[in-house]
Amino acid sequence: MPPPSLTPPTSLRVSRHQICKFNRFHNTSIQHQPLLIYHSCFSAHSSAVESHLLLCIVSERAKLCFDGEENPERVETAVEKGDVIIIPAGVAHRSLEDLEGNFLMVGSYPVRKNWDMCYGSADEEGYTENIKHLEWLKRDPIYEDDGPALGA
C-alpha cells in the first residue's frame, strides 16, 4: 500500500475543544489538553494508517458527540473520510449518526498502554488517578515533530 498523502501542517485546518467536566465524565478537565480534530488530514485516496491515541475516519461521514449528550456544552461535529481526531484520555465520546451509510473509523491507543472503558458510573472514579498520570504526546501521531498536537 502506498504511503498516505498528508495535508501539510501549515495548510491543515484544526479544531480544538476544551470540554469541562460534566456529571461523571471528566473530559479535558484533568489534563487540560484539548480534543483535536484534523480536518481533511489525509487525501480522499489514502487508506487507513497505523498510529496511536487517535481515530482515523476512513470512509463516509458521521456525526460524533464528545461528552454526554445531556451536556449543553458538548461538542457535536460531523467528520468525514480523511479526518483525524486526537482524544485526550477521559473525554467521553460516541457516534450519533452515520450520515451516508457505511461509515468507518479506525481507533488506536498508545503502544504498551491499557485503556479503561468508562460509562460514567460512580464506581469508575478511581480511573481519574490513572488519567492524571498519563503523559501528553511527545510526538504528534500523524505529523511527528511538526504536528498541531505538540502546541495544544
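What's counted below: heavy atoms across the whole structure, side chains too, no hydrogens, waters or symmetry copies. Computed from a predicted structure; not experimentally measured. Index from 1, following the sequence.
- The closest donor-acceptor contact from the side chain of Asp83 to the backbone of Glu80 lies under 3.5 Å.
- Closest heavy-atom contact between Val84 and Cys56: CG2-SG, 4.1 Å.
- Side-chain atoms of Glu73 and Cys20, non-hydrogen and from C-beta on, never get closer than 4.5 Å to each other.
- Counting all heavy atoms, side chain and backbone alike, Leu55 lies closest to Gly107 at CD2-CA, 3.5 Å.
- Rounding to the nearest 0.5 Å gives a distance of 7.5 Å between CG of Leu137 and CG of Leu150.
- Scanning both residues, Ser29 and Lys21, for their nearest heavy atoms gives OG-CB, 3.7 Å.
- Between Asp145 and Arg139, the closest heavy-atom pair is OD1-NE, 3.2 Å.
- Residues Ile57 and Phe103 have side chains in contact (heavy-atom distance under 4.5 Å, counting atoms from C-beta outward).
- No chain of hydrophobic side-chain contacts below 4.5 Å, direct or via other Ile, Leu, Val, Met, Phe, Trp or Tyr residues, connects Phe66 to Leu99.
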Is there a side chain to side chain contact (heavy atoms under 4.5 Å, CB included) between Thr77 and Ile85 once you walk through the steps? CA-CA 11 Å; Thr77 188; Ile85 306 164; over 6 Å; no

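- Put simply, Met105 and Leu35 are part of the same group of oily side chains (I, L, V, M, F, W, Y) that touch within less than 4.5 Å, one to the next.
- Using a 4.5 Å cut-off on side-chain heavy atoms (C-beta onward), His17 and Pro34 make no contact.
- Side-chain N or O atoms of Thr7 include one that pairs as donor or acceptor with a backbone N or O of Ser40 at under 3.5 Å.
- Side-chain contact check for Leu12 versus Pro8: every heavy-atom pair is 4.5 Å or farther apart.
- Distance check: Gln33 CD to Ile87 CD1 gives 14.5 Å after rounding to the nearest 0.5 Å.
- For the pair Val91 and Ile19, the minimum side-chain heavy-atom distance is below 4.5 Å.
- Counting only residues at least two apart or in different chains, side-chain hydrogen bond (donor to acceptor under 3.5 Å, both in side chains) contacts with residues 94-107 comprise Glu69-Arg94.
- No side-chain heavy atom of Val75 sits less than 4.5 Å from a side-chain heavy atom of Cys65.
- For the atom pair Thr28 OG1 and Arg16 CZ, the distance stands at 13.5 Å (nearest 0.5 Å).
- Residues Phe25 and Ile30 are members of separate hydrophobic clusters, defined by side-chain heavy-atom contacts under 4.5 angstrom among Ile, Leu, Val, Met, Phe, Trp and Tyr.
- Linking ILVMFWY side-chain heavy atoms closer than 4.5 Å, directly or via other members, places Leu36 and Leu6 in a single hydrophobic cluster.
- The list of side-chain hydrogen bond (donor to acceptor under 3.5 Å, both in side chains) pairs with a residue in residues 54-68, not counting sequence neighbours, reads Asn27-Asp67, Lys63-Glu76, Asp67-Asn71.
- When hydrophobic clusters are built by joining Ile, Leu, Val, Met, Phe, Trp and Tyr residues whose side-chain heavy atoms come closer than 4.5 Å, directly or via intermediates, Trp136 is grouped together with Val14.
- The two residues Tyr38 and Ala149 come nearest to each other via the heavy atoms OH-N, 3.1 Å.
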